[in-house]
Amino acid sequence: GHIGHHGQKRFGCADLGGGGDFAKLLGQAVQGVVDSGKTSDTKAMELVNGKGDMVDVVTAISQTELAMDTMVAVRDRVISAYEEIMRMPI
């Protein structure tokens with residue numbers, strides 16, 4: 001089986017528009033990480049049961065790590081944006 005590359009196109013710097021869009025983007029990022037984690041868990045179980053392919057497992061795990069890295073980057077951007085807003089004079 002082959003794992004599709006559906007997680008990469010979701011995040012763009014230009015998507016950081018309005019608050020609602022940003023919340024939606026963050027939700028998609030979280031869901032992407034959850035989905036990637038499920039995929040790698042499933043592949044690992046298949047391997048344990050003798051049905052899986054080592055390449056699929058490695059690919060799934062690396063995609064999950066990529067999703068986690070993206071999630072951390074998004075979180076860091078949220079925090080720095082929030083801190084910047086809090087520093088603004090009202």
- Heavy-atom pair of closest approach, residues A60 and S40: CB-CA, 3.5 Å

- Item | Whether D53 side chain and V55 backbone form a donor-acceptor pair below 3.5 Å | yes

- First locate atom CD1 of I61, then atom OG1 of T39, and finally report the distance between them rounded to the nearest 0.5 Å. 11.5 Å

- side-chain contact (heavy atoms from CB on, under 4.5 Å) between D41 and M45: does it pass, once the steps are laid out? CA-CA 6 Å; D41 289 348; M45 284 309 296; 5.7 Å; no

- Query: How far does CD of E46 sit from CE of M54, to the nearest 0.5 angstrom?
  - Reply: 13.0 Å

- How long is the span from the CE atom in M68 to the CZ atom in R75, to the nearest 0.5 Å? 9.0 Å

- Note on the structure: d(D56 CG, T42 OG1) to nearest 0.5 Å is 11.5 Å

- Note on the structure: Connected to V72, directly or through other members, by ILVMFWY side-chain contacts below 4.5 Å are none

- Task: State the CE-CD distance between M86 and E84, to the nearest 0.5 angstrom.
- Result: 13.0 Å

